[in-house]
Amino acid sequence: MPSSNMNDEKTPLQSDVVSDGAVVSISSNSSSRRSFFSSFRRRTQSHSGSAKSYAAVNRPAYGDEFASLPENEAKILRDQVAVPAPAASYFSLYRYANKKDRFILLIGIVSALLEGVLKPLMSILFGSVSEAFTNYDPQRATYSSTQLYANDTMYNTTYSDNYNGTDEYTPYDGLSQQDYYDTISRLSLYLVFLGIADIVLSHIKTFIFIDRGEILSARIREHYLAATLKQNIGYFDKVGSGEITSRITSDTILVQEAISEKISFIIANSSTFFVALVIAFTQSYILTFIMLSILVSIILSTGIASAYMVKCLKKSQDGYAVGGTLAEEVIGSVRNVQAFGIQEIMVHTYDNFLKVSEYWGIWAGIATGLMNGSMFLCSFSTDALAYWQGVRLYSEYQASLGNIITIIFAVFQGAYAFAQISPYLSSITTGIAAASKIFATIDRVSAIDSSNETGIKLNEVEGNIEFASVKFIYPSRPNVTVLNDFSLSIPAGKTVALVGSSGSGKSTIVSLIERFYNPVCGDVLLDGHNIRNLNIRWLRQKIAVVQQEPTLFACSIYENIAYGLVGSEYEYSSPTEKRALIIEACKQANAWTFIEKLPAGLETNVGERGFLMSGGQKQRIAIARAIVSNPKILLLDEATSALDTKSEGIVQEALDRASKNRTTIVIAHRLSTVKDADCIVVMRRGHILEMGTHIELLAKNGEYCELVRAQQIETLKENEKKQLETANGRFDDSGTEEAFNEKVIELSDYQQERALDLARPMTGKSMGTVPRAFDIEVQDDNVPSFSEALKFIYNLSRPEMSYNVIGLIACFFNGMGHPALGVLWGTNLQAFNDIMDRYELRIYISRMAGFLFLLACSLGISNTVTGAAFGHSSSRLVRRIRRLSFGQILRQEIAFFDRDENTAGSLTATLSREAQAVEGLGGITLGKFIDAFVTVIGSSIVSIALAWKLGLVVTCGVPVLMGSGFYRFYLLTEFESRVKKENERTSTYACEATSAIRTVVALTRESDVWETYHSNLNEIIRRNRPASMRSAFFYGLTQAQVFFIMALATWYGGQLLGTGEYNLFQFYLVFLSIIFGAETAGVVFSFAPDVGKAVQAAKSIKMLLERVPDIDPWSEEGKTPQNVRGDIEFRDVHFSYPTRPEVPVLRGLNLKIQNGQYVALVGASGCGKSTTISLIEEFYRPNAGAVLLDGQDISELNINAYREQIALVSQEPTLYAGSIKYNVQLGSPTAVTDDQVIDVCKQANIHDFIMSLPDGYDTLCGSKGALLSGGQKQRIAIARALIRKPKILLLDEATSALDSESEKVVQAALDAAAQGRTTIAVAHRLSTIQNADVIYVFEAGRVCEVGTHQDLLAKKGRYYELVHLQALEESK
């Protein structure tokens, strides 16, 4: 078993660091985006050209990044990120087998061993058959049986050879005719019995190993997921979720293949090899010892080649694992990718990782070819050596012909069986390489292990929290001290607010209370107990947290909120009680209003990561989840940042009520949410500047007072306050529901309105979303046929046609090897019968042995060439498929990603698994299929040409063998189609859990996630079992055909020899050619599972690559906008999301935005503001109506040229693994200078922070920007938008994550940036849009008010209410 010791001298491979290497390469190669779309189609038809050397090709050997820290601090940080050196042996793959598994596997092993014995027994029968043929003379036996009398006195001059030279009679001592036919019939019957035994044994061993392999690999998946879920958060800062997805999907499949039926083939072939040696020793130990010299060569060549192959495969998998993380990042943020048109850059970055995998994959193929070549050279050399030395022993009367034939056939069978092991060994070595990475994670001892049952569990929790001289450094950024000598006492039952600029350490405090990290110095205390001494799971169950960016799981609203009850006293309450608690929590969080209007209510699915909900809706569901269990400690990290003003007011009131009698820590930039806190702590750069209540801090006129002034909208007059109080007094429950009603109408109302809408005149391309959603499904249902899938793979492989042709030519020589062997064997055996002089026979056979050796050499060369050529071709093909698939995925319209089956986890797993599966139609497998085809056809032609009667009869058995094999192949193809969907579902679930690891561990959902994953895997195993049994039966039937064909050939060939119609040469030529051909075909069908997976994968990839999206960024059609002014108009726009066509979002939206205007969109969550932004970006198209740019329908414009005029800053900023500079540069469609990057960062108020970092603009952002705070990420995203110099600037809550001080500066920068361009801002924080030229107030998908800030205040309508709800109390 792999060592679990942690290696403190080496740091793990880091996706962020490697990705930074990508930055350098990409920055120097990213010129114009437009060239990508105009040339991508042409490039998909050609193979990837040579690219520049990439930093990720050779991963740097990192030193100890903690060396500059004191040893005690370095150890704490190192323990949080260190991973043990990966190591695995083959037997460690069975580490989770229990006694039952071992017993069943023992039965399978015994069955495999007995099956392996059958073929060597066939060699004994073959020797007996050969002895019978050579001891029988048809003419003499016929005469002897009919004419010879008992007294032996009859003379017959016809047969003069009955007399010696002195006319003395020589009696015939061979087999009589009757004995001959009896012997042939008996031996044929024995072969039939062996065939029946083979059916039974092959079925048992194949089914057992398939079934147990699936079960054991499922356990490895479960343990890997369990080990991943218990890792400390610092581990995830180093390892991306995409790498975890790649391990749990593709790598575990490789492990399964290593412990499944392929190991049974190795056992059976090994049994054949050793039993053949035993039989050979019983015939002639001298000749057998001589032939054993070949065994040494086989072992040496196999050992050296396989060791190198493992090394190459490990490096290949490492290269792709980091690429998988990038793919998951990019697909998860596809809206951002399409908005900025950075598909080409991301495909290029991804391809750089694929180069690493391809490079080492090619070398692995070369190693495989050398291993195969040496195996065949040695195996076929045994024939040459056996005949050369065997005829010597025969001439010296030390061995009979029967001994020699049995030894030759037995050793050849053994050597051939040993040669067949090599293709399976590649799967074993690949599985070991994959397992080493998986077991490294499983064996890793987490520095903060949530599954550990040790630790104190307090009887009562008061909620006193204290930070005592805490120093904290993130393990992923050891050069930056976040908290230094930080001390703070939070009394039980009090509400403490943490405010300050982004990066001051506020969110870090929440992470330390949750014990996501360990401080390097100092202590965090709960009720006087160091939290390091408390049970981790118990601690987290006493805490509820609402994070800055809420994470929901892909299930119903009910289930998402119910997860908040895990570990509480209500966890096992009745469904009725739970439902009541959940509904009450929804009401408190102001979520019930919109939930009850949904068609499915609480059972509505929120989609992956809650994408079917608006930002405010997600936040309210997360708040309901936090308060449903009535926790002792409540942590609110920007809990209301995504809410509109009205929702915020009511939710804040609910949170204020929820804060009573419990310790509450609030992190906020919006100071209106913390003014009632018992204590407000103002922080900067990890230190406390001042503390006190709102009134006390205002009186100090210090830092907090400045923050308040920066956030005030306007000084409120006393009479306005009275009006506000009066207005607030009218907000009863019914009024609240009306005010915040999301106006989700029922399906019947929607259909009636749709009928009216569609009757109106519309522009040419306004028909869209609902029909398109249907078209997507219809299009995807056109599943390619088997022949279409093969043709597709052939076309994809055309760039490597030269390698494929070389491989095909080599395969032709491989396939003709067995017919050639049959000719040489037949010639030799005929010589034993015809040449009476043993010296002359020895000379002749020795010469023929030389020809056999030449045949062995040619087969060794051709097999080496086959493996290397097809290995090179398949590695290139896998890279091409992954690159094209990734580009095609990024090409799809956003509606494609909204569908449940197209989650980021599912698509990432597809990239990893499907492309690798297609290799089942290439490499070793393809070579074996072509070998078998040429062997069967060549053997049949040669046999029928030289002995047509026997050739035709024996060949008739081959179609039965082929039919059984192909039917099994058909079963496995159908089986793989179903398994693929089920595996995608489970892998998506696991990916979702690991991507949201902070939320999972905060909710202590580790056990719940594992249980669900475990039950899903068990269900898959149960469903797969019947198909595995059928597949195993037909495999056994295929293998038994060799014995049945041999029995038929022996019986019918014996009849023809008995009559003298055929000689030994003809018989052995047909016999050996057909038998070896059938045996080769039988071996090939053992690869049927690989081919089944490959065909299914090819179909899926073909469907993906041929899918043309409705909104196609590859399309060159459409007008190119000229002299863009920036006028935007929505003309009677109706829209509903394709995944929920029954829920309208926009219902006749009309608005006009003039060029250069700063326009704000405000309103309740879910009213359609963000949807409006999506329609402007042309992520979707309206169901009815039109969106116009400068009077032109944007659906008639070229999508790429149109999007180049727009820049987007989303509500949840998206950064990629790479440097800060790289992320900013992504915003520009052309190359930019460092000065331009610095300039926009200054405008976004992020420059000073960047320069304070040790690496400045080269500082890594981490996977998904995990190494930066929310405010820092948002400001970098703003800089990325500004560097684009857009005509239209879209701000979807662009400053929601900024503190007041930063917001003021950034807002001023955005105001300046808005000059000369159209700016559309979606905002809940009204201070950011009070200077807007026009403000549109949305309600229920329509505009209910429009005007300037002052105009709308004067109306005292809906906007007036929003403003006054958000105002602070009068400052001094």
Side-chain angles (χ1 to χ4, degrees), residues 10-29 47-62 86 238-240 242-247 249-251 254 308-330 345-368 426 429-430 433-434 436-437 440 800 871-887 908 911-916 918-919 922-923 1216-1218 1222 1260 1263:
K10 297 180 181 178
T11 59
L13 295 171
Q14 305 170 26
S15 61
D16 292 337
V17 177
V18 178
S19 297
D20 191 43
V23 174
V24 179
S25 175
I26 291 166
S27 298
S28 61
N29 287 282
H47 63 87
S48 56
S50 59
K52 290 186 178 181
S53 171
Y54 187 62
V57 173
N58 292 312
R59 292 188 174 196
Y62 297 102
K238 290 285 187 178
V239 180
E243 182 169 343
I244 294 171
T245 302
S246 178
R247 298 278 179 239
T249 53
S250 113
D251 286 0
L254 296 177
Y308 185 70
M309 186 166 60
V310 170
K311 176 184 175 183
C312 294
L313 289 172
K314 277 186 178 180
K315 292 187 176 181
S316 177
Q317 290 164 10
D318 288 343
Y320 182 70
V322 185
T325 295
L326 171 70
E328 197 271 340
E329 262 189 81
V330 173
I345 289 179
M346 293 307 168
V347 171
H348 178 73
T349 308
Y350 181 68
D351 190 48
N352 279 324
F353 293 109
L354 297 183
K355 291 177 186 176
V356 183
S357 182
E358 176 199 62
Y359 175 80
W360 291 110
I362 289 173
W363 277 106
I366 293 173
T368 303
S426 64
T429 52
T430 303
S436 63
K437 292 290 185 181
E800 284 74 52
H872 183 280
S873 176
S874 62
S875 294
R876 296 292 297 271
L877 177 63
V878 168
R879 173 189 171 190
R880 181 175 300 108
I881 288 175
R882 281 176 172 158
R883 175 169 52 85
L884 295 180
S885 298
F886 186 57
T908 304
L911 285 172
S912 174
R913 182 181 60 251
E914 304 288 19
Q916 196 68 46
V918 170
E919 207 170 14
Y1216 301 100
Y1222 163 63
L1260 297 176
S1263 176

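The residues of the chain are indexed from 1 along the displayed sequence.
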| request: Apply side-chain contact (heavy atoms from CB on, under 4.5 Å) to Tyr1222 and Thr349, showing your working. | output: CA-CA 12 Å; Tyr1222 163 63; Thr349 308; 4.1 Å; yes

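- In plain terms, the two heavy atoms of Glu328 and Thr908 that are nearest each other are CA-OG1, 3.4 Å.
- Between Ala433 and Ser436, the closest heavy-atom pair is O-OG, 2.6 Å.
- Minimum interatomic distance between Arg883 and Leu354 (heavy atoms only, all atoms of both residues): N-CD1, 3.7 Å.
- In this structure, the side-chain hydrogen bond (donor to acceptor under 3.5 Å, both in side chains) partners of Tyr350, at least two apart in sequence or on a different chain, are Tyr320.
- Annotation for Lys315 and Val356: closest pair O-CG1, 4.3 Å, computed over non-hydrogen atoms.
- From Leu877, atom CG reaches atom CD of Glu358 across 10.5 Å, with rounding to the nearest 0.5 Å.
- Looking at residues two or more places apart in sequence or on another chain, you find a side-chain contact (heavy atoms from CB on, under 4.5 Å) between Ala434 and Asp251, Leu254, Val255, Gln317.
- With sequence neighbours excluded, the residues satisfying side-chain hydrogen bond (donor to acceptor under 3.5 Å, both in side chains) with Ser357 are Ser316.
- Under the 4.5 Å side-chain criterion, counting only non-hydrogen atoms from C-beta, Met346 is in contact with Phe886.
- Using a 4.5 Å heavy-atom cutoff, the side chains of His872 and Ile366 are not in contact.
- Between Met309 and Thr368 the shortest side-chain heavy-atom distance falls below 4.5 Å.
- Taking every heavy atom of both residues into account, Tyr308 and Ala367 meet most closely at CD2-CB, 3.7 Å.
- The nearest pair of heavy atoms linking Ser875 to Ile362 is OG-N, 3.4 Å.
- Take Ser873 and apply the side-chain hydrogen bond (donor to acceptor under 3.5 Å, both in side chains) test, not counting sequence neighbours, and it matches Asn804.
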